[in-house]
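Here's the structure, in structure tokens; my notes come after.
On a predicted model such as this, the values are computed, not experimentally measured, just so you know. Starting from 1, each residue takes its place in the sequence as its number.
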Amino acid sequence: MSLAIRLATVYGTMFLFTGVYLPFFPVWLKSKGLDAGEISLVVALSLFLRIVVSPFFASVADRLGDRRRVALWLAWASLGSAALFLFVEGFGPILLVALVLNAVFPSISPLVETIAMRARIEEGMNYGRVRLWGSITFIAASAGAGWLLEWNAPSIVVFCIVAALVCNVAGVSLLPRIPAPVRKPARHGEKRFAAILEIGRHPVFLLFVLSASLTQATHAVYYAFGSLAWQRQGYSDTAIGLLWATGVVAEIVLFYISGPLMARFGAVRLVMLAAAAAILRWSVTALNPPVALLFLMQLLHGLTFGAAHLGAVQFVAQAAPPRLAATAQSLYAAMASGVIMGLVTIGIGPVYEALGPHAYFAMAGVGVVALLGAFMVGRRWHGEVLAPEEDGLERQEEHGN
């Protein structure tokens, strides 16, 4: 079996889980008696875990020199923790199990990505065509789980999650045994650390990261309460699954044409486009539009999520020197997927409890703030590097000596 097929299978089984968990886990939480505030806490606290847990497991894999083994451990731990949902009752135990699951399962992804990117560089593997299978299985899982909910109790969600994680264990076991490269001691560590601090606290970098993160955070109501809101508005579970799938299809199309799109718009304008799309998408969604218009709004997911992600990737590539690109990207990821999204999700719980689907108006408001922030970045940044190159730092040290 070729490496590309192995990795496509791994991505497929990973997103098989995500396609069930993301749209319908809140539905199961509600069926267990959790209110909107408790649901938002379960979702948000899980996001905060990613900031520290994933780097920890990645460092363990690097020290062992065996990313496959650690990924397989995490896959088994994910399956074992998810199985506990079949037995727990009450907010506290459910929260504890959810925290364990969201500590181990998301930590698989960086290990798989590392193997995939190494295969792309060393063997010329087409990463996009391999990664595409993850989005395809997400669509199948969300649509299939929605159909199953039509004629089953919400408890079916947990059985689907467990079944998906069984498939994930089988998929991860297909990963190749590729040893991690031996790291050489870093030179000029103090200068590198100084440069990391410089870009990390640069006002333009911070403003961009905040704007892009807020654009992603406009999805907080959608991720935590989207399915519940649509159930409240009378949509069938099958329709809800198809609505989620529609957003992912739009995301796939946008990534497919990402090359010319990034060249035409540039980093900042992509985020501005994403924020403007978020204002439109969530304002219309809050009004309980006809189903045809709602599907049209779901197509904007390609912009609200995809364009913001592409803009962030391009900004990091241009604003950070090559030696700090990964660090700068991790800083953005920690803010977008962890801190900002977590804080907004916690805050939106009481808002959704009070306003129901009209809480989407708050997400449109967040989009306005993100758009203003991106506009300010566009006035102050014109494609230049925001931290000095290493050679420049070395020359400064030589002159100082």
Side-chain angles (χ1 to χ4, degrees), residues 7-27 43 47 105-106 108-109 112-113 116 127-149 157 160-161 164 167-168 171 215-231 235-258 261 270 273-274 277-278 280-282 284-285 291-313 336-337 341 360 363:
L7 287 169
T9 303
V10 175
Y11 280 118
T13 58
M14 287 172 59
F15 282 85
L16 195 63
F17 162 79
T18 308
V20 177
Y21 184 89
L22 194 58
F24 296 113
F25 187 61
V27 174
V43 174
L47 294 173
F105 180 81
I108 300 173
S109 181
V112 176
E113 292 282 11
Y127 173 80
R129 292 182 181 178
V130 169
R131 172 62 176 77
L132 185 66
W133 287 98
S135 299
I136 291 173
T137 56
F138 183 100
I139 293 171
S142 61
W147 176 74
L148 285 174
L149 271 172
V157 172
C160 289
I161 286 174
C167 295
N168 186 54
T215 304
Q216 295 289 10
T218 64
H219 299 85
V221 171
Y222 177 55
Y223 290 158
F225 302 107
S227 296
L228 294 175
W230 287 329
Q231 283 184 337
Y235 291 100
S236 69
D237 291 316
T238 299
I240 291 170
L242 291 174
L243 284 165
W244 280 86
T246 299
V248 180
V249 169
E251 176 187 322
I252 293 171
V253 172
L254 186 106
F255 283 136
Y256 185 79
I257 62 172
S258 61
L261 195 68
L270 277 172
L273 179 63
L280 173 62
R281 179 186 182 185
W282 304 128
V284 174
T285 302
V291 66
L293 183 55
L294 185 57
F295 272 99
L296 188 62
M297 290 300 101
Q298 281 299 97
L299 289 175
L300 289 178
H301 188 75
L303 296 178
T304 58
F305 172 80
H309 177 75
L310 291 175
V313 171
S337 299
M341 180 67 82
Y360 280 115
M363 298 296 92

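Atom CZ of residue F15 and atom CZ of residue F138 lie 8.5 Å apart, to the nearest 0.5 angstrom. A distance of 10.5 Å separates CG of L299 from OG1 of T304, quoted to the nearest 0.5 Å.
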Q | Criterion side-chain contact (heavy atoms from CB on, under 4.5 Å) on V284 and L296, from CA distance to verdict | A | CA-CA 10 Å; V284 174; L296 188 62; over 6 Å; no
Q: Give the intermediate values and the outcome of side-chain contact (heavy atoms from CB on, under 4.5 Å) for residues T137 and T13.
A: CA-CA 7 Å; T137 56; T13 58; over 6 Å; no
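S142 pairs by the side-chain hydrogen bond (donor to acceptor under 3.5 Å, both in side chains) definition with nothing, not counting sequence neighbours. Residues satisfying the side-chain hydrogen bond (donor to acceptor under 3.5 Å, both in side chains) test with S227, not counting sequence neighbours, are W244. Looking at residues two or more places apart in sequence or on another chain, you find a side chain to side chain contact (heavy atoms under 4.5 Å, CB included) between L294 and W230, Y235, L243, T285, P289. Under the side chain to side chain contact (heavy atoms under 4.5 Å, CB included) criterion, I136 pairs with L132, W133, sequence neighbours left out. For T238, the side chain to side chain contact (heavy atoms under 4.5 Å, CB included) criterion is met by W147, E150, S236, L242, not counting sequence neighbours.
With contacts defined as side-chain heavy-atom distances shorter than 4.5 Å, the pair L254/L303 qualifies.
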Show every donor-acceptor pair shorter than 3.5 Å between a side-chain atom in residues 17-27 and any protein atom, with sequence neighbours excluded, or say none if there are none.
residue : atom : partner : partner atom : Å
T18     : OG1  : M14     : O            : 3.3
Y21     : OH   : N102    : ND2          : 2.9

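Across all non-hydrogen atoms, the minimal contact from L16 to A141 is O-CB, 3.3 Å. Listed here is the closest heavy atom pair of N168 and V10: OD1-O, 4.4 Å. When all heavy atoms are compared, the tightest approach of Q216 to A308 is NE2-CB, 3.7 Å.
At least one donor-acceptor pair under 3.5 Å links the side chain of T218 to the backbone N or O of T215.
Using a 30° and 60° split on the angle between ring planes, H219 and Y223 fall in the parallel class, below 30°.
Y222 and Q298 are linked by a side-chain donor-acceptor pair at a separation below 3.5 angstrom, with hydrogens and angles left out of the test.
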